[in-house]
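Since the structure comes first, as structure tokens, the remarks are kept for the end.
Every number for a ligand or one of its atoms is a count from 1 in the order of the listing.
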Amino acid sequence: MLGAACERAGIAFEVIDAGHAAAASRVGAGLISPLTGRRLVPTWRFAEWREEVWNIYRYWEHELGLPLVREVKIRRFFQNEEQRGWFESRRAVPEVAAWVTDIDDHGWGLQGALQVETGRLIAALRERWQRRGQLVERRVAAEGPSAAERPPTIWCVGGTIGAVLPLPWQSSRGELVRGRIEGMDPTTVLNDGHWLLPGEAGDVRVGSTFDRDNLTLETSAAGQAELIAAAERLAGQVLQDPQGDVGLRVTVPDRRPVAGWTDPARVRGVLGGLAAKGALWAPVLAQQWCADGLVGDQLDPAARVTRFKAGRGGWGEAGE
Ligand SMILES: Cc1cc2nc3c(=O)[nH]c(=O)nc-3n(C[C@H](O)[C@H](O)[C@H](O)COP(=O)(O)OP(=O)(O)OC[C@H]3O[C@@H](n4cnc5c(N)ncnc54)[C@H](O)[C@@H]3O)c2cc1C
């Protein structure tokens, strides 16, 4: 998304990417939801950035001639009395109430959510930049290209960011299953703690697992079984042709993204810590990066890497 924002802003750039095969963006379902989790936590910057992110994806839809973004409704089911209790205690809070609709005995509806085909968008941009010689496929060593031989580098490396910048990153591994279920309403995501996302022509995705201990990039039998069972519970039908996938999410303790130059000379920058919110945060932060020609002063102050400070052992101590 940073490459895309540079292209739009007319800033010269080159993407160096190790191949994208292990990228979380290839796996992520691209859901952008106003509230997340059992506790209905408002998504950071959802209300402020929803229209902007919609316009960015619509621009790329037009530019690339591909369907990329749509509005979806999320139907949330109460799994037990505890969840019903959480909902009752939160539903009147203004940031929650704004998105709640269609309450009944079994659950409620969440309005305002978006879904983006991030994998499709990135595949198209990669092909475009490969054709134009703006994408080089190789792995960059953690110390990076030296400042003497290269222009400034902004690291957008997802789960491998810890090797480059020692902040208190926290990683979790997420599995997902793709398959086919006929007859689902494509406009509605079903969620009972797991979610089922209907797509085009009977394709569905179901997710996701959350594991902080096993960070290997392989699907597990238990994870896949959990998701297949969830799909069948939510759809009331068998999931056909299940195919598993896995990726890493990365966050920091305050759960906000991390962006900006790490040094006053502006040699090394970062855009990361996108957690399970990359579809919302990445395009807007990339646009902010480019708003002043990559100076970085237009980045949301609450997302800046400078909220951490460099200690004697390097980056990682809490700053501001
Ligand atoms: C199961 C699952 C479901 C998810 N669902 C959603 C969702 O519904 N909505 C949402 O918003 N988010 C979701 N996410 C999170 C989302 O996928 C991430 O926020 C987002 O993809 C992170 O993007 P990124 O560019 O930081 O990292 P990545 O997509 O992982 O990209 C990192 C890139 O850096 C490259 N790279 C790494 N190291 C190097 C190196 N040393 N040299 C060169 N290149 C390198 C890799 O090849 C890769 O292309 C989900 C994640 C998972 C795992």
So which heavy atom on C6 is nearest to which on C290, and how close?
N-SG, 3.5 Å
If you measure every N or O of [X] against every N or O of ligand 1, does any of those distances drop under 3.5 Å?
X    : value
L176 : no
A275 : yes
T160 : yes
G278 : yes
A18  : yes
L248 : no
W155 : no
V140 : yes
E175 : no
A29  : yes

Closest candidate by heavy atom, reference atom 12 (N) of ligand 1, pool A276, G174, G28, S208:
A276
Compare V157, V116, I161 and give the one whose heavy atom is closest to atom 34 (O) of ligand 1.
V157
Assess whether a salt bridge exists between [X] and [Y], defined as any Lys/Arg side-chain N lying under 4.0 Å from an Asp/Glu carboxylate O.
X    : Y    : result
R131 : E127 : yes
R58  : E63  : no
R50  : E52  : no

Please classify the R139 to ligand 1 contact at 4.0 Å (heavy-atom distances, strictly less than): side chain, backbone, both or neither.
both
Hey, is R173 touching ligand 1 through its side chain, its backbone, both or neither, going by heavy atoms under 4.0 Å?
neither
Which atoms of ligand 1 have any heavy atom of [X] under 4.0 Å away?
X    : answer
H20  : 47 (O), 48 (C), 49 (O)
A24  : 17 (O), 21 (O), 28 (P), 29 (O), 30 (O)
C156 : 32 (C), 33 (C), 34 (O)
D17  : 33 (C), 34 (O), 35 (C), 44 (N), 46 (C), 47 (O), 48 (C), 49 (O)

Tested for side chain to side chain contact (heavy atoms under 4.5 Å, CB included) against R268, the lone hit among I154, T153, L165 is L165
Pairing residues for E182 by the side chain to side chain donor-acceptor pair (under 3.5 Å) criterion, not counting sequence neighbours
R180
Taking side chain to side chain donor-acceptor pair (under 3.5 Å) as the test, write out the residues that go with R70, two or more places apart.
Q115
Please state whether the rings of F87 and W108 are parallel, tilted or perpendicular, taking 30° and 60° as the class boundaries.
parallel
What do you reckon, are the aromatic ring centroids of W54 and W49 less than 6.0 Å apart?
no
